[in-house]
Asker: 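Pasting a structure below so you can have a look.
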Amino acid sequence: MNNEEVAAIFERIADLSEIKGEIIYKTLAYRKAADSIRNLGADVEAIHREGKLLDIPGVGKAIAEKIDELLTTGKLNFLLKLEQEVPPTLVDLLKVPDIGPKKAAMFWKKGGITTLAELEAAARAGKLRGLPGMGEKSEARIISGLEALARRSKRLSIGVALPIAIRWVEWLRKLPGVEQAEAAGSLRRRKITIGDLDFVAAARDPKPIMDAFIHHPEVQRIAGQGENKSSIEAAGGLNIQLWIQPPERFGTLLQFVTGSKEHNVRLRELAQKKGLSLSEQSISRADGSEQTYADEKGVYAALGLPWIPPELREDRGEIAAALAGKLPHLLVRSDLKADLHVHSTWSDGAATIAEMAAAARERGLKVLAISDHSGGLGVAGGMSVEKLHERRAEIESVQEKMGDSLRLLQGAEVEIHADGSLDYEDEVLAELDVVVASLHSSLRQPREQITERLLRAMRNPNVDVIGHPSGRLLPNREGADLDWERVLAAARETGVALEINAHPARLDLDEVYARRAAEMGIPLSLNTDAHAPDQLDLIEYGISAARRAWLEPEQIINTWPPEKLLAWLQNRGRKTH
DNA sequence: GCCGTTTTCGGCCCGACTGTTTTCAGTCG
């Protein structure tokens, strides 16, 4: 079982326990454990083998035993029993807005409802309104919620969500009375996929702003409206929240709405230990006095912490690091000197080498590898060896024109065949300055096979970088089922760099493995995979991904001074394994 | 069910919004 599967089991236990009416702190413990497992970056099976399950935060004796049973026998009696007590289909009801564990349990016990279909039938027949705590309005909200659920978009990739969010923020900032407005929530933390959009605004009088918000032309449904907080549904089932506080309370508001929820819980626990109470409005003392904060920095300072960058606010150790003065100094765009993975018209790119080079120079890069596809990838118009040799002259000619301002490298993105062999012979690879080896096809091979395949490519001393290692496409296509323990071990052994592909549909290597890889001393390479000049700006998404992985500049070879990077590339081929 | 620079037992974040159970519970972030 992989981490995701184990995590999903504990989330299921949490959902069912909550409906069963188990004390809330037990269900929170299951959720916390699920989260931890998902964020491990290491294989839970490997940790199990080493007998180190108790080292996982939020995993104690009881949960460790459950993991052990799960990984040893493939099933979990505790869950099987739970599913006898609580109809498993009830967890589907929790997805409906306004239905939580209490209502789900009530529908089941008092109304005999266990499935979404039964719920909808009962609601439309007017049979919900007689149940405890249910009136006509609640029944109508359930129907509306069921419809919203059907319309609701899947999570958006950050590349789709960010431009939408920017548009809304600009609209908000133009409203009279709005002194500040920001996108908060998971978008501000730059998660790779976004569920809802959350905006915060500072204003003296919130009413006209809330009014404008719920009457925005894109609003399809008003899910809630109040003085400080309103919630709407926009086109495509996208849910959007707006929170408003006066300017002097904007700091606590922005902090609160940025989240994550888990980060905020830790922060509030910390506040409590200091005899303080943190909310979106202020920090208050036991005597009732309160202090307001216009910016976030003040909020963190009041708790004895340096400001924590939003990308780190996931309760993955950032508060402990902040307390110890050991927050990473995260990568910023100006740190990046090189892009080792861009395409040109020699394969499936839209721009010439000269155009890509000019765009790279404009953006302050010092090194650019033209890494067109090898011949094997038919759809992408990959280069035959002959074409590759022809291209060499053009790169050299553009290099002459660029002079010292930009160093162009002869590169290729070489296809890793289904058996792990590469698309070009070793002699051809050896002629190149940079070899990025990537999986594009047969991604559904079984774990053992696809892992071996990738490892074979990594062990080729001509390979410098493994491009978008998992091959995932966000938000829907899962990556290859790789044995990450072996992949990371092989990367450490061979010294090959793992790519963080900045394209917002990839962001691959995933942040949890990127963080672990960096901790293991594995070099990482942050590249755009640009197929046109303006796609060089997609690097922003990659930077966010790297920041979420706690990466510091020196862990990314693209930040190295050009001489150091070139020396590293030249020495790669001579490595013995 | 987890966890410990106050604790191995007794805690475990805080407030807005909604609808209904006329004083509060449920849901959400």
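In what follows, chains carry the letters A, B, and so on, assigned in the order in which the sequence lines appear, proteins first and then strands, with residues in each chain numbered from 1.
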Asker: Using a heavy-atom distance cut-off of less than 4.0 Å, which residues of residues 54-79 of chain A contact DNA chain B?
Answerer: A:P57, A:G58, A:V59, A:G60, A:K61, A:A62, A:I63, A:K66
Asker: Return the nearest nucleotide to the side chain of A:R141; candidates are B:dG29, B:dG19, B:dG15.
Answerer: B:dG19
Asker: Using 4.0 Å as the upper bound for N to carboxylate O, is an ion pair formed by A:E540 and A:R333?
Answerer: yes
Asker: For nucleotides B:dG29 and B:dC13, find the distance between their C1' atoms and express it as a whole number of Å.
Answerer: 12 Å
Asker: For B:dA16 versus B:dC12, give the span between their C1' atoms, rounded off to a whole number of Å.
Answerer: 22 Å
Asker: If you look at every strand shown and take non-hydrogen atoms under 4.0 Å, does A:D196 touch a base, only sugar-phosphate, or nothing?
Answerer: sugar-phosphate
Asker: Just by distance, no angles: are the side chains of A:S138 and A:R129 close enough, under 3.5 Å, to form a donor-acceptor pair?
Answerer: no
Asker: Could you state the atom-to-atom distance from CZ of A:F256 to P of B:dG29 in whole Å?
Answerer: 10 Å
Asker: When you check the phosphate oxygens OP1 and OP2 of B:dA16, does a side-chain N or O of A:Q245 lie under 4.0 Å from one of them?
Answerer: no
Asker: If you look at every strand shown and take non-hydrogen atoms under 4.0 Å, does A:K102 touch a base, only sugar-phosphate, or nothing?
Answerer: sugar-phosphate
Asker: Over all strands shown, is A:I99 touching base, sugar-phosphate only, or nothing at heavy-atom distances under 4.0 angstrom?
Answerer: sugar-phosphate
Asker: Return the value, rounded to whole Å, for the distance between atom NZ of A:K103 and atom C1' of B:dT20.
Answerer: 10 Å
Asker: If we take the C1' atom in both B:dT20 and B:dC14, what is their distance in whole Å?
Answerer: 23 Å
Asker: Under 3.5 Å, is there a donor-acceptor pair linking the side chains of A:T114 and A:E118?
Answerer: yes
Asker: Select base, sugar-phosphate, or nothing to describe what A:G133 touches, counting heavy atoms under 4.0 Å on all strands.
Answerer: base
Asker: Under 4.0 Å, heavy atom to any atom of DNA chain B: which of residues 200-229 of chain A qualify?
Answerer: A:G224, A:Q225, A:G226, A:E227, A:N228, A:K229
Asker: Roughly, in whole Å, what's the span from CG in A:L267 to C1' in B:dG29?
Answerer: 15 Å
Asker: Taking for each residue the nucleotide of DNA chain B bearing the nearest heavy atom, is the 5' side occupied by A:Q241 or by A:G135?
Answerer: A:G135
Asker: Between B:dT22 and B:dT18, how far apart are the two C1' atoms, rounded to whole Å?
Answerer: 15 Å
Asker: If you measure from the C1' atom in B:dT7 to the same atom in B:dC2, how many Å do you get, rounded?
Answerer: 14 Å
Asker: Using atom NZ of A:K261 as one end and atom P of B:dC12 as the other, report the distance to the nearest whole Å.
Answerer: 15 Å
Asker: Go through residues 24-41 of chain A and report each residue with a non-hydrogen atom lying under 4.0 Å from DNA chain B, sorted by number.
Answerer: A:Y25, A:K26, A:A29, A:Y30
Asker: Quick one: label A:S277 by what it contacts on the DNA or RNA (base, sugar-phosphate, nothing), any heavy atom closer than 4.0 Å.
Answerer: sugar-phosphate
Asker: Taking it one step at a time, do A:K191 and A:E511 satisfy salt bridge (Lys or Arg N to Asp or Glu O under 4.0 Å)?
Answerer: CA-CA 10 Å; A:K191 273 192 77 166; A:E511 62 197 33; over 6 Å; no
Asker: The side chain of A:K137 lies closest to which of these nucleotides: B:dT20, B:dC13, B:dG29?
Answerer: B:dT20
Asker: Strictly by modelled atom types, are A:W243 and A:E280 linked by a side-chain donor-acceptor pair under 3.5 Å?
Answerer: no
Asker: Does one side chain, of A:R188 or A:T258, offer a donor that lies under 3.5 Å from an acceptor on the other?
Answerer: yes
Asker: What nucleic acid atoms does A:E22 come within less than 4.0 Å of, heavy atoms only: base, sugar-phosphate, or nothing?
Answerer: nothing
Asker: What is the distance from CZ of A:R266 to C1' of B:dC13, rounded to the nearest Å?
Answerer: 10 Å
Asker: Rounded to whole Å, how long is the line connecting atom CG of A:D198 with atom P of B:dG15?
Answerer: 19 Å
Asker: Indicate whether any N or O donor in one side chain lies under 3.5 Å from an N or O acceptor in the other, for A:N3 and A:E45.
Answerer: no
Asker: In this structure, how many angstroms lie between the C1' atom of B:dC17 and the CD atom of A:E280, rounded?
Answerer: 12 Å
Asker: With a 3.5 Å limit on both atom pairs, tell me what B:dT27 is paired to, counting Watson-Crick and G-U wobble, or say none.
Answerer: B:dA16
Asker: Kindly confirm or rule out a cation-pi arrangement of A:K66 over A:F78, judged by NZ or CZ under 6.0 Å from the six-membered ring centre and within 45° of its axis?
Answerer: yes
Asker: Can you find a side chain N or O atom of A:S231 that sits less than 4.0 Å from OP1 or OP2 on B:dC17?
Answerer: no
Asker: Which label fits A:F213 and A:W168: parallel for a plane angle under 30°, tilted from 30 to 60°, or perpendicular past 60°?
Answerer: perpendicular
Asker: How many Å lie between CZ on A:F199 and P on B:dG29, as a whole number?
Answerer: 15 Å
Asker: Could you verify whether a donor N or O on one side chain and an acceptor N or O on the other, from A:Q255 and A:Y300, lie under 3.5 Å apart?
Answerer: yes
Asker: With rounding to the closest Å, how many angstrom separate the C1' atoms on B:dG1 and B:dT6?
Answerer: 23 Å
Asker: Ignoring hydrogens, what is the shortest heavy-atom contact between A:R472 and A:D508? Give both atom names and the distance.
Answerer: N-OD2, 3.5 Å
Asker: Would you check if there is a donor-acceptor pair between the side chains of A:H263 and A:E318 at a distance under 3.5 Å?
Answerer: yes
Asker: Assess whether salt bridge (Lys or Arg N to Asp or Glu O under 4.0 Å) is satisfied between A:R249 and A:E290, documenting all intermediate values.
Answerer: CA-CA 11 Å; A:R249 297 180 190 271; A:E290 68 167 4; 2.8 Å; yes
Asker: Identify whether any heavy atom of A:E136 sits under 4.0 Å from a base atom; if not, whether one sits that close to sugar-phosphate; answer base, sugar-phosphate or nothing.
Answerer: sugar-phosphate
Asker: Between A:G100 and A:S284, which residue's closest nucleotide on DNA chain B lies nearer the 5′ terminus?
Answerer: A:S284
Asker: For A:T292 and A:E248, test the side chains for any donor-to-acceptor distance below 3.5 angstrom and give the result as yes or no.
Answerer: no
